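Heads up, the thing below is written out as structure tokens.
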Amino acid sequence: MQNEKAFIEQLLNPKTQQVAFRELLQLYQKPLYHHIRNIVLNHDDTDDVLQNTFLKIFQNLSKFKGESKLFSWIYRIATNEALTFLQQKARKKGISNEEVQQKAINKLESDVFFDGDEIQLKLQKAIALLPEKQQLVLK
């Protein structure tokens, strides 16, 4: 990517914003998808969270202070959106976050978008048993 400061200026400039945001999408769509997928585990849910993430990025670009790298700020938004999604899903179902995650893990084996092997599935099950803060460190 070009100079980050110049890129951020393009993202904030109404004349160059559309082109710059398309570039941002190209750069981060796949890595963010995989990051979010590791948290929410479901393909359709990941797509929803990814869309919300890019919407939040667009809406809050003017609030980016440059105290961290742009990708760090973006990944933090993606992580927060994924965790918020899981909390809302648990609340709607009247169950705990852990139960939501366990149900998602149980569906992984039949998910056509999950290309992991048995070891990855066991790893996801083990991570789900950890407290939420420790899960974030591992994901």
Side-chain angles (χ1 to χ4, degrees):
M1 184 198 321
Q2 59 193 3
N3 175 351
E4 186 169 282
K5 186 176 179 181
F7 183 61
I8 293 167
E9 288 174 10
Q10 288 177 351
L11 285 165
L12 295 173
N13 184 336
K15 293 178 182 177
T16 57
Q17 192 172 51
Q18 282 187 344
V19 172
F21 200 77
R22 271 193 291 258
E23 185 178 339
L24 183 107
L25 281 167
Q26 285 182 322
L27 287 170
Y28 293 107
Q29 189 168 7
K30 284 184 182 180
L32 283 178
Y33 173 88
H34 293 292
H35 175 67
I36 294 167
R37 179 70 190 262
N38 283 332
I39 298 171
V40 301
L41 303 178
N42 176 284
H43 170 71
D44 293 331
D45 292 344
T46 300
D47 281 344
D48 291 344
V49 173
L50 184 62
Q51 184 176 6
N52 289 343
T53 298
F54 279 112
L55 181 62
K56 197 157 260 183
I57 290 166
F58 186 79
Q59 291 172 336
N60 292 290
L61 272 170
S62 63
K63 296 177 185 174
F64 178 66
K65 297 176 184 171
E67 294 171 353
S68 64
K69 292 284 187 185
L70 182 62
F71 81 88
S72 298
W73 182 73
I74 289 172
Y75 273 71
R76 186 76 242 162
I77 291 172
T79 301
N80 289 342
E81 285 297 303
L83 294 175
T84 298
F85 174 83
L86 289 176
Q87 290 169 347
Q88 290 172 345
K89 192 172 184 179
R91 245 190 322 254
K92 284 178 187 175
K93 293 184 176 191
I95 58 177
S96 69
N97 289 351
E98 292 79 17
E99 288 175 286
V100 168
Q101 194 162 21
Q102 191 58 49
K103 287 181 180 196
I105 289 169
N106 293 339
K107 289 181 182 178
L108 275 180
E109 293 173 318
S110 61
D111 188 343
V112 296
F113 294 103
F114 180 70
D115 59 359
D117 57 20
E118 187 177 339
I119 292 173
Q120 286 178 312
L121 187 59
K122 286 182 180 180
L123 177 62
Q124 287 297 331
K125 288 179 180 180
I127 290 171
L129 297 174
L130 296 171
E132 190 173 319
K133 285 184 179 182
Q134 288 178 337
Q135 288 178 19
L136 290 178
V137 172
L138 295 173
K139 289 185 176 185

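Nothing here was measured: the structure is a model prediction, and the numbers come from that model.
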*I74 vs L24 side-chain heavy atoms within contact, under 4.5 Å*: yes

*Transitive ILVMFWY side-chain link L27 to F58, under 4.5 Å*: yes

_pair L61-W73: side-chain heavy atoms closer than 4.5 Å_ = yes

*Write down the atom of I36, the atom of A82, and the distance for their closest heavy-atom approach.*
CG2-CB, 4.3 Å

_Short side-chain donor-acceptor distance under 3.5 Å, D47 and H43_ = yes

*When rounded to the nearest 0.5 angstrom, what is the spacing between CD in Q88 and CD in E81?*
8.5 Å

*Mark yes or no for whether E4, through its side chain, and K69, through its backbone, hold a donor-acceptor pair below 3.5 Å.*
no

*asked:* Once rounded to the nearest 0.5 Å, what's the spacing between atom CG of L50 and atom CZ of R37?
replied: 12.5 Å

*Side-chain contact, heavy-atom cut-off 4.5 Å: F54 with L32?*
yes

_Using only atom types and a distance under 3.5 Å, with no angle test, would you say the side chain of N60 pairs donor to acceptor with the backbone of K56?_
yes

_Pairwise distance CD(Q59) to CG(N52) - rounded to 0.5 angstrom_ = 9.5 Å

*Starting at CG of D45, measure out to CD1 of I39 and round the result to the nearest 0.5 Å.*
12.5 Å

*Hey, can you tell me if Y28 and Y75 have their rings parallel, tilted or perpendicular (30° and 60° cut-offs)?*
perpendicular

*I would like to know whether L70 and L11 meet side-chain contact (heavy atoms from CB on, under 4.5 Å); could you show each step before the answer?*
CA-CA 11 Å; L70 182 62; L11 285 165; 4.3 Å; yes

*Look up atom CD1 in I77 and atom CG in L55, then write down how far apart they are to the nearest 0.5 Å.*
10.5 Å

*Inspect the surroundings of CD in Q17 and state if more than 12 heavy atoms from other residues, nucleotides or ligands are less than 6.0 Å away.*
yes

*Say you draw a straight line from OG1 of T53 to CZ of F85; how long is it, rounded to the nearest 0.5 Å?*
11.0 Å

*Would the number of heavy atoms belonging to other residues, nucleotides or ligands and lying under 6.0 Å from CZ of F71 be above 12?*
no

